[in-house]
Amino acid sequence: MTSPEQNTSPAPDVSASLTPEQLARATLILGHSIDFPEPDTIRQCPNAALVIHQGRIAWQGPAAELPVAQQAFARVEDYGDAWILPGLIDTHVHAAQMPVMASWGEQLLDWLNRYTFPAERRFEDPLVARQQSDVFLDALLAHGTTTAMVFGTVHEAGTDALFEAARERRMALIAGKVLMDRNCPDYLSDTADSGFDASARLIHRWHGTDRLHYAITPRFAPTSTEAQLERAGALHSEAAGLYMQTHVSENPDEVSWVQSLFPKARDYVDVYEHYGLLHDRAVLAHGLHLTDREWTALREHQTRIAVCPTSNTFLGSGLFDFARAEQEGVVLGLASDVGGGTSLSQLVSAAEAYKVGQLKGYKLTANQLWYQMTSGNARALHLQADIGTLDSGKMADLFVLDPNRSVNLSARLAQATSLDEALFATLILGDERLTRATWVAGELRFSA
């Protein structure tokens, strides 16, 4: 890897200057801005100003170059030397599974039956689904995550509740109703037709509404019949720009099970490929035990893999092969995968990804990991026009991180001699306790 480029004074977009009337409705945010437009590029401004108007960054640059006086703004938030970062992005997480985090002892298939399915059953009650969706989304915000690709449950009303809660918070959310018509409890089973019909209704209600997008969501191949997967593929005709999310090759027993359930398929990936579910808006979680042919198919279809390091190690599933993904040119996202994952903090996900890379002989840099949590995940989800960096014109989704909130990290940063060193230490030692504030579309949604 090349050394990160460090731009200490991003050029302000003077053309975006606001009228006095607009300034009277705008917010000024001050602090140490840092973003990661490329895997080998860091931009920082130690004394930065961001002008927020109508949910977007209207101006950004050194505070000393702010074209108007601070008292002209309707609101000023001064975070001192805390870091102002783009909001973090999670490419794979389950809305109903927070209550089963840190459940002992099982690997994937037994874990689903013992812990996951009973937790998801609770979403059959729309009031519970809404309450749990509120808790889940507020927890994401408390961890600095402003955008996520989310599994709902099999329940249409429960998935409505998730979308409604996200819309109220103005979050960018990609989500979908889970499709399952076999190998699951009766209380979570739909049918090929009922799953299609409910998904179609949800697509027409939510896809493209505000900042919301719909993802066709078969849980994974073993819990869908061929008829359901065929209908899932047909859902793509319901609207343009639909996403697809599922799981693939997480556990060796799972891979063997898929081979027995789909004997005509060449491999696990081929099951999805056969039903038209692979494309550049498809995100497959895990991808730990892929064959050469499967890597090639993912590359050719430009399908993304959501890497889930904390769940992969916690459930004993395996170690992701970052070197192979780079060799194949497969686009990656970084994900928490709660509840198999052990934290909603993408800092923790990144730290675990670094450790996995070490065990596989692949050294991930701090710049690569911060990029992945922000710009990289935005690009993986085709959201880079709106989020991922602090450029003028982007949505004002911001994560304010205060390194001084950790005694261990503060002591470590006192010895740091470069920004890169400080960023790496923050990844390894940080978690949600560093979150000072989270802004979504220019509104303060979490403060501590």
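When reading the values below, keep in mind they use all heavy atoms of this one structure, side chains included, and skip hydrogens, waters and symmetry mates.
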Contact check, side chains of I52 and I57, non-hydrogen atoms, under 4.5 Å:
yes
Does the plane of the ring in Y272 sit parallel, tilted or perpendicular to the ring in Y268? Use 30° and 60° as the thresholds.
tilted
Before accepting this row, confirm whether a basic side-chain N of the pair E352/K355 lies closer than 4.0 Å to the acidic partner's carboxylate O.
yes
Salt bridge check: are R169 and D134 linked by an N-O gap of less than 4.0 Å?
yes
With heavy-atom distances below 4.5 Å as the criterion, would you say the side chains of L28 and L50 are in contact?
no
Under 3.5 Å: donor-acceptor pair, side chain of H286, backbone of F320:
no
I want to check something: taking the side chain as every heavy atom from C-beta on, are P67 and W59 in contact at a cut-off of under 4.5 Å?
yes
D78 and R436 have their tightest heavy-atom pair at O-NH2, 4.0 Å
Step by step, work out the side-chain hydrogen bond (donor to acceptor under 3.5 Å, both in side chains) result for S336 and D90.
CA-CA 7 Å; S336 69; D90 194 335; 2.6 Å; yes
Which value, rounded to the nearest 0.5 Å, describes the distance between L85 atom CG and D35 atom CG?
8.5 Å
Look only at the side chain of D337 and the backbone of S311, and say whether a donor-acceptor pair between them is shorter than 3.5 Å.
no
Under 4.0 Å between a side-chain nitrogen and a carboxylate oxygen: does that hold for R266 and E273?
yes
Check whether T223 reaches the backbone of F220 with its side chain - one donor and one acceptor, N or O, closer than 3.5 Å.
yes
What orientation do W206 and F163 show, parallel under 30°, tilted 30 to 60°, or perpendicular over 60°?
parallel
Is there a donor-acceptor contact under 3.5 Å from the side chain of Q245 to the main chain of V150?
yes
T389 versus T374: any side-chain heavy-atom pair under 4.5 Å?
no
Intermediate values then yes/no, side-chain contact (heavy atoms from CB on, under 4.5 Å), V269 and R293
CA-CA 9 Å; V269 167; R293 199 213 71 83; 4.2 Å; yes
Residue pair I305, V331: steps toward the side-chain contact (heavy atoms from CB on, under 4.5 Å) verdict:
CA-CA 7 Å; I305 296 177; V331 175; over 6 Å; no
What do the steps show when you test H301 against H279 for ring pair (Phe, Tyr, Trp, His ring centres under 6.0 Å), and what is the final call?
CA-CA 5 Å; H301 289 282; H279 46 78; 8.9 Å; no
Between L398 and V440, is there a side-chain heavy-atom distance shorter than 4.5 Å?
no
Worked verdict on T291 versus E294 for side-chain hydrogen bond (donor to acceptor under 3.5 Å, both in side chains)
CA-CA 5 Å; T291 66; E294 288 176 304; 3.3 Å; yes
Quick check for you: to the nearest 0.5 Å, what is the distance between R122 atom CZ and T153 atom OG1?
11.5 Å
Using modelled atom types only, decide if a donor and an acceptor are shared between the side chain of Q346 and the backbone of I89 within a distance under 3.5 Å.
yes
R130/E168 ion pair, N-O < 4.0 Å:
yes
Does F322 offer a backbone N or O that forms a donor-acceptor pair with the side chain of E326 under 3.5 Å?
no
Give me the atom names and distance for the closest heavy-atom approach of D270 to D267.
N-OD1, 2.8 Å
Are R324 and D292 within salt-bridge range, i.e. N to O under 4.0 Å?
yes
Mark yes or no for whether T435, through its side chain, and A142, through its backbone, hold a donor-acceptor pair below 3.5 Å.
yes
Test your reading of the model: is there a side-chain donor-acceptor pair from Y214 to the backbone of G241, 3.5 Å cut-off?
no
For R412, which residues count as a side-chain hydrogen bond (donor to acceptor under 3.5 Å, both in side chains) partner, sequence neighbours excluded?
E421
Is the shortest distance from a Lys or Arg side-chain nitrogen in R43 or D391 to a carboxylate oxygen in the other one below 4.0 Å?
yes
With a 4.5 Å limit on heavy-atom distance, are the side chains of L112 and F117 in contact?
yes
Flag the pair E120 and R219 as a salt bridge only when some basic side-chain nitrogen lies within less than 4.0 angstrom of an acidic carboxylate oxygen.
yes
Using a 4.5 Å cut-off on heavy atoms from C-beta on, say whether the side chain of E432 contacts that of S343.
yes
Quick one: which of R211, K394, R379, R56 gives a salt bridge (Lys or Arg N to Asp or Glu O under 4.0 Å) with D386?
R56
Would the distance check show the side chain of H382 and the main-chain N or O of D280 forming a donor-acceptor pair, the cut-off being under 3.5 Å?
yes
Tell me whether S103 contacts the main-chain N or O of V100 through its side chain, where contact means a donor paired with an acceptor under 3.5 Å.
yes
Just to verify, which of T91, N367, N377 counts as forming a side chain to side chain donor-acceptor pair (under 3.5 Å) with Q372?
N377
What are the two closest heavy atoms between T303 and A282, and how far apart are they?
CG2-O, 3.5 Å
Spacing of OG1 belonging to T159 relative to CD belonging to E164, to within rounding of 0.5 Å:
10.5 Å
For the pair H213 and H207, name the ring-plane relationship: parallel under 30°, tilted 30 to 60°, perpendicular over 60°.
perpendicular
Could you walk me through whether T146 and W439 pass the side-chain contact (heavy atoms from CB on, under 4.5 Å) test, one step at a time?
CA-CA 8 Å; T146 55; W439 295 71; over 6 Å; no
Measure the OG-CG distance between S317 and N251 for me, rounded to the nearest 0.5 Å.
5.5 Å
Do the side chains of R167 and T209 get nearer than 4.5 Å, heavy atoms only?
yes
Pairwise distance NE2(H32) to CG(L401) - rounded to 0.5 angstrom:
11.5 Å
Closest heavy-atom contact between L434 and S406?
CD2-CB, 3.8 Å
Check A437 against L444 and note the closest heavy-atom contact, atom names and distance.
CB-CD1, 3.8 Å
Show your working on ring pair (Phe, Tyr, Trp, His ring centres under 6.0 Å) between H92 and F151 and close with a plain yes or no.
CA-CA 8 Å; H92 179 73; F151 269 56; 5.2 Å; yes
Kindly compute the distance separating CG (L242) from CZ (R281), expressed to the nearest 0.5 Å.
9.0 Å
If you compare all heavy atoms of P218 against all heavy atoms of T246, which two are closest, and at what distance to 0.1 Å?
O-OG1, 2.7 Å
Report the C-alpha distance between D397 and M171 in whole Å, list the side-chain angles of each, state the deciding distance to 0.1 Å, and finish with yes or no for side-chain contact (heavy atoms from CB on, under 4.5 Å).
CA-CA 9 Å; D397 290 357; M171 295 177 72; over 6 Å; no
Flag if over 12 foreign heavy atoms under 6.0 Å of CZ, R433:
no
